[in-house]
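What's counted below: heavy atoms across the whole structure, side chains too, no hydrogens, waters or symmetry copies. To find a chain, count down the sequence lines: A is the first, B the second, and so on, and within it residues start at 1. Just so you know, these numbers come straight off a predicted model, no measurement behind them.
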There are 2 protein chains.
Amino acid sequence: MTGTKSIDKALSVLKHVLWDEETRVEELAQQLDMPLATIYRHITALERGGLVWRENRNAFAPGVCLLRRFDTQGFNAFLSEQSRPIVEAFSKHMNLTVHLGVFEDDMVTYLVKCAVEGSGFFTRETAQLDAYCSGLGKVLLGSLSARELDNYFSSGTLPKITAATITDEAQLRKEVRAVAKRGYGMDVEEFEEGLFCVAVPITDRDQKVLAALSVSSREPEHVGANLKSVLKKLRTAAGDIQEALYSGTG
Amino acid sequence: MTGTKSIDKALSVLKHVLWDEETRVEELAQQLDMPLATIYRHITALERGGLVWRENRNAFAPGVCLLRRFDTQGFNAFLSEQSRPIVEAFSKHMNLTVHLGVFEDDMVTYLVKCAVEGSGFFTRETAQLDAYCSGLGKVLLGSLSARELDNYFSSGTLPKITAATITDEAQLRKEVRAVAKRGYGMDVEEFEEGLFCVAVPITDRDQKVLAALSVSSREPEHVGANLKSVLKKLRTAAGDIQEALYSGTG
DNA sequence: GGTGAATTCTCATAATATGGGAATTCAAAA
DNA sequence: TTTTGAATTCCCATATTATGAGAATTCACC
């Protein structure tokens, strides 16, 4: 009970803010008998931590971290809403098809897809696809704990989709570890002949992987000569998305 | 970003502890680069706030407040597990039937029931019963916000079960307000002829009502001459249950 | 009842949170 | 646009509070 006064206060702000549908900050200050400046300071800290999301002037909602942990549906909705404009702008800027996906039930769920004209992709938003055969999927697999990865491998098979698809568990494990280590995943015609893909993780501020972002292309130089430049832009976009998941800019 | 250093740290402890299935406190200290004493202090604060529940030496789980907000099922399970021994002891001590119930879908869900021999009650655990005609139900109704109460009244009728059942909305609203104000609810043959019942709220440490606890009896003195004494014991038991919902003592 | 690990306690001190009020930003209206 | 009142951030001297090493205690399992 000693040495935690400010924490106790911050937690009680958290509870009031999340447990009451609507909260005027000034009323809150009165209820909790704290000066306005203090309340605002605490709210800011909670936002920065991803515990609280500021809906608007006097409505608060659970932040990314709480959604991620306690409300998968809400998290997915929030993530696609926040990332969509960034993904769209990015796709337009690159003139390439861009996907954002999360790992769910041992599959990749595509939450956002921005396709460029012409290049027919059969992926659709909210579609679930296998993880082992795409760059995006491999990034997500790379974020799993040892236990989760074991579980993944124990519950499915790895059908060969193209000549390049990795179908050997040991080899895929190695690849996934490598992807996690180097921080990006690639897919060179493993999913479809003539299709190339680069993907990076989208993390929260604590480096926990929330989703992955990929560009797909039919031109090999995107995974070859231009890889470095593509990666840089992907990472910038991923960073922008991370930012968008927290209320402040902090 | 200023004036919240300790809060930031506490929040990061919270996240690590809840987002990782298993956490050795000492490892955590290393990961977060904080001294052991500090980590323990923060964990204690989080437990005290009802955000974290200490499963055992190195496993943590969401505390009451988080369960209540984000996981109704988990909350109910937790509540019945924690309260059952207390309810049982209380029932034995009083030699009366005791119920613990929560408000869910405009009904009362009975989570724990301890009946004394003989006095046949048809309530069963996990059964859902109407709220308007029992002392326990009225306590729970008394904890609703104006909006929730409006919603309750707009979605159901108030059938007359016994001669004493309150079936008029205005009258029930008045009764519910009174119950909330005086801190306990009674039911004098409103649910069953010859059955009397006294109920008090079980709250968390922030005075938010989580559930209600009632004793039922066929002897009118329990709601008459002995009311004061019954109430006192009920409140003690309710307090004990509150305690049991937080890891530490306090 | 013994043993090693986990947890709490202690307290002087450094570090940090505090808060009143001014300054600024915001959002809705004119 | 401009106005306007409210919401939010900023500022900074100071008191308050968090800190953390190590000792003391409790715990859980043998």
Next on the checklist: Go nucleotide by nucleotide along DNA chain C from the 5' end; which of A:Lys9 and B:Glu47 gets its closest nucleotide reached first?
Outcome noted: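 Final value for this comparison: B:Glu47.
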
Counting side-chain heavy atoms from CB outward, which of [options] is closest to [X]?
{"X": "B:Arg57", "options": "C:dT7, D:dT19, C:dT18", "answer": "C:dT7"}
{"X": "A:Lys5", "options": "C:dA6, D:dT17, D:dG20", "answer": "D:dT17"}
{"X": "A:Ser6", "options": "C:dT18, C:dT7, D:dT8", "answer": "C:dT18"}

Whole-Å distance separating the [atom1] atom of [X] from the [atom2] atom of [N]:
{"X": "B:Asn58", "N": "D:dC27", "atom1": "CG", "atom2": "P", "result": "17 Å"}
{"X": "B:Arg41", "N": "C:dA15", "atom1": "CZ", "atom2": "P", "result": "15 Å"}
{"X": "B:Glu26", "N": "C:dT7", "atom1": "CD", "atom2": "P", "result": "10 Å"}
{"X": "A:Leu36", "N": "D:dA6", "atom1": "CG", "atom2": "P", "result": "13 Å"}
{"X": "A:Ile7", "N": "C:dT18", "atom1": "CD1", "atom2": "P", "result": "11 Å"}
{"X": "A:Arg54", "N": "C:dA27", "atom1": "CZ", "atom2": "P", "result": "11 Å"}
{"X": "A:Tyr40", "N": "C:dA17", "atom1": "OH", "atom2": "P", "result": "20 Å"}
{"X": "A:Asn56", "N": "C:dA28", "atom1": "CG", "atom2": "C1'", "result": "14 Å"}

Checklist entry - A:Arg24 or B:Thr2: which one's nearest nucleotide on DNA chain D is closer to the 5' end? => result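 Looking at the nearest nucleotide for each, A:Arg24 comes out on the 5' side.
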
Next on the checklist: Need to verify one output field. Residue with the more 5' nearest nucleotide on DNA chain D, A:Gly3 or B:Ala37?
Outcome noted: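 With A:Gly3 and B:Ala37 compared, the 5'-side residue is A:Gly3.
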
Item to check | Partner of A:Trp53 under ring pair (Phe, Tyr, Trp, His ring centres under 6.0 Å), chosen from A:Phe75, A:Phe78, A:Phe60 | outcome: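 The passing option is A:Phe78.
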
Next on the checklist: What's A:Thr4 touching, base or sugar-phosphate or nothing? Going by heavy atoms closer than 4.0 Å.
Outcome noted: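 Answer is sugar-phosphate: A:Thr4 comes under 4.0 Å of backbone atoms only.
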
Checklist entry - Does a nitrogen or oxygen in the side chain of A:His42 sit under 4.0 Å from OP1 or OP2 of C:dT18? => result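 Yes, because at least one side-chain N or O of A:His42 sits under 4.0 Å from OP1 or OP2 of C:dT18.
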
Checklist entry - Between B:Gly74 and B:Leu67, what is the shortest heavy-atom contact and its length? => result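 B:Gly74 and B:Leu67 have their closest heavy atoms at O-CD1, 4.2 Å.
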
Next on the checklist: Using side-chain contact (heavy atoms from CB on, under 4.5 Å), reason through B:Val139 and B:Leu136 one step at a time and then give a plain yes or no.
Outcome noted: CA-CA 5 Å; B:Val139 166; B:Leu136 195 149; 5.9 Å; no

Next on the checklist: Around atom CZ of A:Arg182, are there more than 12 heavy atoms from other residues, nucleotides or ligands closer than 6.0 Å?
Outcome noted: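 Correct, the count exceeds 12.
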
Item to check | Pairing of A:Arg68 and A:Asp204 as salt bridge, 4.0 angstrom limit | outcome: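 Salt bridge: no.
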
